[in-house]
Amino acid sequence: MRVDGLLKRYGEKVAVRDVSFEVGEGEVFGILGPNGAGKTTTVESIAGLRVGDGGAIRVLGIDPWADRPALTRVLGVQLQESRLQPKITVDEALTLWSSFYDDPVPWRGLVDRLGLGAQGGTRFADLSGGQQQRLSIALALVGRPRVAILDELSTGLDPQARRQVWEIVRELRADGVTVLLVTHSMEEAQQLCDRIAIIDGGRIRALDTPEGLIRGATAATVTTFTASAAVDLEDLRAAAGVSSVRADAGRIVVEGADGAALAVLDRLRQQRVTPSGLRIVDGSLDTAYLDLTSTTSEEQPA
């Protein structure tokens, strides 16, 4: 899958500007960003549901804007919100969707894994929000797609169901399926994604592995300790790689780049302060995300 210079406007407002990335076969590629950042516009353009105002997209060599019928044979899509005819049952929906494909997945096993086995005769309107979400996932996968777009995969799912769908995503990757995962869940992104693009204001702000994004954050490491004596916090803030220092419930918390912890320990030695209960941990994807996204967007929400 390749996206080159995608541009999409709504009237005078630009939702997506010059978005480019490439996703390999069998890769789980995450898209993160604030509400209105352009994530949904991007994936709907890839799915052929929207036509861009500039740029080009190819999914397994197919132009989704010019040949959507060919795209539907290789692409499965679970949108952030989708609705079916209220009276259609779970079994009827899956039977109908299966009829669209030459070699569909035996869907009864799929719905059992998704916890819908007992709801076969239940109408769509009578399903809970989480059950509707699981049905949407099943419909996206019943055609054995070579590329799957999963938009807010875990919305409305309980912890057990969330773990089940995560395992299904891992199996898709193992089978060589390319997965485009749009999510607000940092845990989900860190657990599943091989690489992540962070979109804000309609542009890609960073693209890297989860580990690479964390290493590049201002809080790539977090060092905490209790001091044996009064600490000169300003001196610690001046140490190489340190981005912030604060006292929290009797402990000193220092955030910084890789190597900042060693610089802090050296400053403490010079201050003749002994740290106890010392902990040095990696930063989080949450921190990297907050570093890379702005609190406001100048562009029209997608």
[X] with [Y]: basic N within carboxylate O range, under 4.0 Å:
| X | Y | value |
| --- | --- | --- |
| Asp175 | Arg144 | no |
| Arg2 | Asp4 | yes |
| Asp63 | Arg58 | yes |
| Arg267 | Asp235 | yes |
| Arg195 | Glu27 | yes |
| Arg146 | Glu25 | no |
| Arg269 | Asp266 | yes |

Quick one: do the [X] and [Y] side chains pair a donor with an acceptor below 3.5 Å?
| X | Y | answer |
| --- | --- | --- |
| Glu188 | Thr183 | yes |
| Thr224 | Arg251 | yes |
| Ser98 | Thr95 | no |
| Gln132 | Arg83 | yes |
| Gln191 | Trp166 | no |

Taking side-chain contact (heavy atoms from CB on, under 4.5 Å) as the criterion, tell me which of [options] meets it with [X].
| X | options | answer |
| --- | --- | --- |
| Tyr289 | Leu213, Leu32, Ile196 | Leu32 |
| Gln78 | Ile149, Leu153, Leu135, Val182 | Leu153 |
| Val169 | Leu150, Ile137, Leu141, Leu181 | Leu150 |

Look only at the side chain of Ser154 and the backbone of Arg162, and say whether a donor-acceptor pair between them is shorter than 3.5 Å.
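No, the answer is negative, given that no donor and acceptor are paired below the 3.5 Å cut-off.
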Short question: side chain of Gln85, backbone of Ile88 - any donor-acceptor pair under 3.5 Å?
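A pair under 3.5 Å: yes.
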**Q.** Sequence neighbours excluded, every pair satisfying ring-ring contact (aromatic ring centres under 6.0 Å, His included) that has a member inside residues 17-40
**A.**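 Residue pairs with at least one partner in residues 17-40: Phe21-Phe29.
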Side chains of residues 106-115: which donor-acceptor pairs under 3.5 Å do they make with residues two or more places apart or in other chains?
from, atom 1, to, atom 2, distance (Å)
Arg113, NH1, Glu171, OE1, 2.6
Arg113, NH1, Glu171, OE2, 3.4
Arg113, NH2, Glu171, OE2, 3.1

